[in-house]
There are 2 protein chains.
Amino acid sequence: MKDKQKALIEAKANVLKALGHPTRLWMAEQLEHGEKCVCELAESIDADFSTISKHLSVLKQAGVVADEKRGKQVFYKLKVPCILKYMSCIEAVIKNQAEEQADLL
Amino acid sequence: MKDKQKALIEAKANVLKALGHPTRLWMAEQLEHGEKCVCELAESIDADFSTISKHLSVLKQAGVVADEKRGKQVFYKLKVPCILKYMSCIEAVIKNQAEEQADLL
DNA sequence: ATGACATTTGGTAAAATGACCAAATGATAG
DNA sequence: CTATCATTTGGTCATTTTACCAAATGTCAT
């Protein structure tokens, strides 16, 4: 494989990996209808603030979200909202799996 | 968050995580135009057969691919091809990132 | 049966990830 | 300027992931 191709694959995998954690995926979904501050996101997550901050940082690194500080708060938003449009396909994978499991019984 | 919601998020994250490794993403892309046997996939990957086999097993667990043994060979195929349609969006994320990096210079 | 071939499984070691705590930063209010 | 609030950073530890090697499995031809 060419170096450039390889780099592209790695970059894509990196984005998918960033979304491949329940907390981070949940956060991304929360941003579907607009920005939220860290404190809002934190409300529904049972984890240390530092943990939440680090997850957001992973999403930012991957280019999934952008952050903006306003006053004391930091707001995050989706940079490329199409990533959520994909979820119906992911759900199809899961449904498929579930049906096959059910067929075994 | 409700238990069911939580389980769904976890399932979705799991699929994304499975695709979130360069080798596995590459494999999935190779299957775009139909099934391939492990040996074909292995040709372009510089890794032990056992490593390749384990990656395929992760994709299978996640419900991304299905396998079928025919003769000595095992063939893998995509179960839900829409996952590849997503890649254009992922690429948009990367392009976005790249442009921002470029703007810094 | 025996050997050769394609793939998987089990074991192990190195590296990456994720969670928490404590401390640092930056912004605002008093 | 000091205290306070929101968030990030650094450190540490447990867990998970990944890669390789060696050995096992299942299939086919002889």
Side-chain angles (χ1 to χ4, degrees), chain A residues 1 6-7 9-28 30-31 34-78, chain B residues 1 6-7 9-28 30-31 34-78:
Chain A
M1 201 181 342
K6 199 172 161 186
I9 282 273
E10 275 167 14
K12 289 194 279 188
N14 198 47
V15 174
L16 291 162
K17 190 162 114 182
L19 291 168
H21 185 286
T23 301
R24 291 194 294 262
L25 181 57
W26 181 85
M27 287 169 155
Q30 293 311 297
L31 301 178
E35 62 177 23
K36 290 220 191 314
C37 75
V38 179
C39 50
E40 285 174 295
L41 292 169
E43 273 172 16
S44 327
I45 301 177
D46 183 26
D48 204 273
F49 252 79
S50 66
T51 302
I52 291 167
S53 177
K54 273 168 188 167
H55 278 308
L56 285 165
S57 151
V58 171
L59 288 172
K60 186 179 162 187
Q61 276 292 133
V64 173
V65 301
D67 63 338
E68 187 187 349
K69 184 158 196 169
R70 289 207 299 277
K72 282 189 230 173
Q73 299 177 321
V74 178
F75 291 83
Y76 280 84
K77 68 180 173 199
L78 280 187
Chain B
M1 203 181 343
K6 200 173 160 185
I9 282 273
E10 275 167 13
K12 287 194 281 189
N14 197 48
V15 174
L16 290 162
K17 190 164 115 182
L19 290 168
H21 184 286
T23 302
R24 291 194 294 264
L25 180 57
W26 182 85
M27 286 169 156
Q30 293 311 299
L31 301 177
E35 61 176 26
K36 290 221 193 312
C37 74
V38 179
C39 51
E40 285 174 295
L41 292 168
E43 274 172 15
S44 328
I45 302 176
D46 183 25
D48 202 274
F49 252 81
S50 66
T51 301
I52 291 168
S53 178
K54 275 169 188 166
H55 279 308
L56 285 165
S57 152
V58 171
L59 288 172
K60 186 181 162 187
Q61 278 292 133
V64 174
V65 301
D67 63 337
E68 188 187 349
K69 185 157 194 169
R70 288 207 299 278
K72 283 188 232 176
Q73 299 177 320
V74 178
F75 291 83
Y76 280 84
K77 68 179 173 200
L78 281 186

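What's counted below: heavy atoms across the whole structure, side chains too, no hydrogens, waters or symmetry copies. All chains are named by letter (A, B, ...) in the order of the sequence lines, taking the proteins before the strands, and each is independently numbered beginning at 1.
Counting any heavy atom pair closer than 4.0 Å across all strands shown, Lys17(B) reaches sugar-phosphate atoms only and no base atom.
Contact annotation: His55(A) side-chain N/O to dA19(C) OP1/OP2 distance is under 4.0 Å. The shortest distance between the side-chain N/O atoms of Arg70(A) and the OP1/OP2 oxygens of dA6(D) is not below 4.0 Å. Phosphate proximity of dA16(C) to His21(A): absent, as no side-chain N or O sits under 4.0 Å from OP1 or OP2.
Residues that satisfy the side-chain contact (heavy atoms from CB on, under 4.5 Å) test with Ala42(B), not counting sequence neighbours, are Phe49(B), Ile52(B). Every residue meeting the salt bridge (charged side-chain N to carboxylate O under 4.0 Å, His left out) condition with Lys12(A), not counting sequence neighbours, appears here in chain and number order: Glu29(B), Glu91(B).
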How does each nucleotide of nucleotides 5-12 of chain C score, in 5' to 3' order, for protein heavy atoms under 4.0 Å: base (B), sugar-phosphate only (S), or none (-)?
BSSBBBB-
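Remark: P of dT16(D) and CD of Glu10(B) are 13 Å apart, rounded to the nearest angstrom. For the pair Leu41(A) CG and dA6(D) P, the interatomic distance rounds to 14 Å; values are reported in whole Å. Asn14(B) has its CG atom 13 Å from the P atom of dT16(D), to the nearest Å.
Applying the salt bridge (charged side-chain N to carboxylate O under 4.0 Å, His left out) rule to pairs touching residues 13-24 of chain A yields nothing, sequence neighbours excluded. Residue pairs satisfying the disulfide bond (SG atoms under 2.5 Å apart) criterion with at least one member in residues 35-66 of chain A, sequence neighbours excluded, are listed as follows: Cys37(A)-Cys39(A).
Map Thr23(A) and Gly71(A) each onto its nearest nucleotide of DNA chain C; the residue landing nearer the 5' end is Thr23(A).
Interatomic distance, CG of Leu16(A) versus NE2 of His21(B), reported as 12.5 Å (0.5 Å rounding).
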Residues 61-69 of chain B, side-chain donor-acceptor partners within the protein, below 3.5 Å, at least two apart:
unit_1: Asp67(B); atom_1: OD1; unit_2: Lys60(B); atom_2: NZ; d: 3.3
unit_1: Asp67(B); atom_1: OD2; unit_2: Lys60(B); atom_2: NZ; d: 3.1
unit_1: Glu68(B); atom_1: OE1; unit_2: Arg70(B); atom_2: NH1; d: 3.3

